Amino acid sequence: MMSHGKNHVTWTAMITGYSRNQDPLGAIECFRDMRAEGIEANQYTFPSVLTACGEIMAFRFAVQVHGCIVKGGFAANVFVESALVDMYARCGCLNDARIVLESMVVDDVVSWNSMIVGCVRQGFTCDALHLFKKMHTKNMKIDDYTYPSVLNCFASLNDANSSKSSKSVHCMAVKTGFERHVLVSNALVDMYAKRSDLSCAFAVFGNMKEPDVVSWTSLITGYTHNGAHEQALTLFCKMRISEIKPDQIVTASILSSCAELTVLDFGQQVHSDFIKSGLRSSLSVDNSLVTMYTNCGCIEDANKVFASMDVKNVITWTALIMGYAKNGKSNESLMFYNEMIESGIKPDFITFIGLLFACSHAGLVDQAREYFDSMANVYHIKPGQDHYACMIDLLGRSGRIDEAVELLNNMMVEPDATVWKALLSACRVHGKIELAEKAANTLFELEPQDAVPYIMLSNLYSSTGQWEDAARIRRLMKSRGVSKEPGYSWMEINSKVYSFMSEDRSHEKSDLIYSKIDEVMMLIREAGYVADMNFALHNIDEEGKELGLAYHSEKLAVAFGLLELPSGMPIRIYKNLRVCGDCHTAMKFISSVYGRVIVLRDSNRFHHFKHGVCSCGDYW
DNA sequence: TTAGGGTTAG
């Protein structure tokens, strides 16, 4: 008897409804109720319920459904079979999916598409491509669902060997007219962007009649992943002009570029526009916001976002751990790590980079050792070059050079340039010339065009008065055509960016800035500042050296800030290289003499100067 | 019944 007057058509309509409205649990419940009522499912019911199972990977229930299908005699229906392939593929059971696929009498394009997607999702790109080739040789129909999955394979196979094949598939799509489908062009833009072929990505994008938010996102993240963050921001603005509304995905992506560029104004605007849009926030948007705010030195705002999050994952916690460490709050950073573990979330490869970074900037050698050992022992994560570099940096800074060397010699993998640079930098701090020479020579071979080791070694010679050796290294550098990235500082005042090079006189208010510096230097000298000649690296007389130090880019910037910003307002300065020791000391004095908060973000971390003290505890 | 874009790292 049919209860409530429902027949199998009504039940099927309900199940399909739940399934289409992305309520897989509802669909499965409904299917159960239908069975409990004694009503048999048919070839229309099974595909819907199988889709729901695949959606939430309800594998065991799905196997029972498969049993019903066989018993009910629906196993030879092509719709049911393709739904089975899709369900098994989504549940990660590629073998079961393959068994169903191979038992089918007809070559059904939907089933083959599902199989290909399943392989791609599980990372079996070669199998996916093999299936695609087979479809081609069998002369099967290839449709607008097939292309995106296949192109996705080439997106993840970013090697030179697959370049030709990826272009052939693109040609096929053009010849067969499928390139005109938005999903296919989007997959093409994404594929080229992920293969770092931005000109091809841009060409496909440019040919699109109506690029949608996905097309824009693919292009924007292409620029982001290739380090072209400014261009990513420009594209985002163009997207807004063309009246495409940003969604969660593109918002998360652009905020990560804002974080990278530390453009707080832009990031805040993206944040408020997103709130105004009325879209619900997502985990990735919130994660990007936490990173953006901590990277811009706004711990409070990052905290607000963090506190508002109902769901947090390892990325959220890692962003916070890293953010606090960068802002000189290592103890809080480690506290968050403990909270993360207590909440049952496991750290990953990157979490440990953050942890070691935190330890490194607080001089917590023993604790770092414990974390480092726990990586392999507790979490079975193999330490990478970055982790070794952090440890060597940490040991070096705390004067344990021998332990640093020992760690380097016992590495499980061949040390790369990152690790040698950490050792070289440790030598710089502790004046270990011989070891520094060894590290620098290794680096000259590993990365001959990198200016950093030349500069470091030359500076080390200068600081010990070995001017001849310093000059020799500079000549060597010049003869090899290596050029140094010039140091500069910049600041944003009323949405305008002002940048300064060392001894820069190009600014329109140059005279005022230089007289302000003279005043600053005089006042801080009275307060006890003494120039640190270790950082004056020219073989000139003492007075000349001191003048050179006074005109470092960050000092020019702070003088400009004192002139332009009302008293009581913090002065925020960004620098592309690490702050020098002398400037660091000077900033402390300036913060106390002028009663100003100075926030200086260098290439490594934040320094918050207040009342003569820096948040880094002079350890950076 | 099948398809596309994302978040943490010196």
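Within every chain, numbering begins at 1; the chains are lettered A, B, ... in the order of the sequence lines, protein sequences first and strands thereafter. Everything quoted here is computed from the prediction, not taken from an experiment.
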For the side chain of [X], starting at C-beta, report the closest nucleotide among [options].
| X | options | answer |
| --- | --- | --- |
| A/Ser256 | B/dG5, B/dT8, B/dA3 | B/dT8 |
| A/Val110 | B/dT2, B/dA9, B/dG5 | B/dT2 |
| A/Val214 | B/dG5, B/dT2, B/dA9 | B/dG5 |
| A/Thr221 | B/dG10, B/dT8, B/dG5 | B/dG5 |
| A/Arg90 | B/dG5, B/dG10, B/dT2 | B/dT2 |
| A/Arg121 | B/dA3, B/dT8, B/dG10 | B/dA3 |
| A/Ile350 | B/dA3, B/dT8, B/dT2 | B/dT8 |
| A/Ala252 | B/dT2, B/dA3, B/dT7 | B/dT7 |
| A/Asp386 | B/dT8, B/dT2, B/dA9 | B/dA9 |
| A/Ser114 | B/dA3, B/dT2, B/dG5 | B/dT2 |

Mind checking if [X] touches a base, just sugar-phosphate, or nothing, with heavy atoms under 4.0 Å?
| X | value |
| --- | --- |
| A/Thr351 | nothing |
| A/Asn152 | sugar-phosphate |
| A/Asp393 | nothing |
| A/Thr251 | nothing |
| A/Lys312 | nothing |
| A/Val80 | nothing |
| A/Asp212 | base |
| A/Val182 | base |

Once the angle between the rings of [X] and [Y] is folded into 0 to 90°, is it parallel (under 30°), tilted (30 to 60°) or perpendicular (over 60°)?
| X | Y | value |
| --- | --- | --- |
| A/Tyr379 | A/Phe352 | tilted |
| A/Phe178 | A/His181 | tilted |
| A/Phe336 | A/Trp317 | tilted |

I need the [atom1]-[atom2] distance between [X] and [N], as an integer number of Å.
| X | N | atom1 | atom2 | result |
| --- | --- | --- | --- | --- |
| A/Tyr324 | B/dT8 | OH | P | 19 Å |
| A/Asn287 | B/dA9 | CG | P | 11 Å |
| A/Arg20 | B/dT2 | CZ | P | 9 Å |
| A/Trp317 | B/dA9 | CH2 | P | 17 Å |
| A/Glu447 | B/dG10 | CD | C1' | 13 Å |
| A/Asn295 | B/dA9 | CG | P | 7 Å |
| A/Met87 | B/dT2 | CE | C1' | 14 Å |
| A/Met322 | B/dA9 | CE | C1' | 6 Å |

query: Given A/Phe205, which of A/Leu235, A/Leu198, A/Val189 fulfils the side-chain contact (heavy atoms from CB on, under 4.5 Å) condition?
result: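 Output: one option passes, namely A/Val189.
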query: Got a donor-acceptor pair under 3.5 Å from the side chain of A/Ser218 to the base of B/dG5?
result: no
Show me the side-chain donor-acceptor pairs of residues 343-350 of chain A shorter than 3.5 Å, one per line, residues at least two apart or across chains.
from     : atom 1 : to       : atom 2 : distance (Å)
A/Ser343 : OG     : A/Met340 : O      : 2.8
A/Asp348 : OD1    : A/Ile350 : N      : 3.0
A/Asp348 : OD1    : A/Thr351 : N      : 2.9
A/Asp348 : OD1    : A/Thr351 : OG1    : 2.9

field: Pairs where residues 205-218 of chain A contributes a residue and the test side chain to side chain donor-acceptor pair (under 3.5 Å) is met, not counting sequence neighbours
entry: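 Those involving residues 205-218 of chain A are A/Asn186-A/Asp212, A/Asn186-A/Ser215, A/Asp212-A/Ser215.
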query: Which heavy-atom pair separates A/Ser333 from A/Tyr324 by the least distance, and what is that distance?
result: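 Heavy atoms only, the tightest pair is CB-CB, 3.9 Å.
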- prompt: Do any side-chain nitrogens or oxygens of A/His225 fall under 4.0 Å of OP1 or OP2 in B/dT7?
  reply: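 Yes, such a contact exists.
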field: A/Thr146 side chain near B/dA3 phosphate (N/O to OP1/OP2, under 4.0 Å)
entry: no
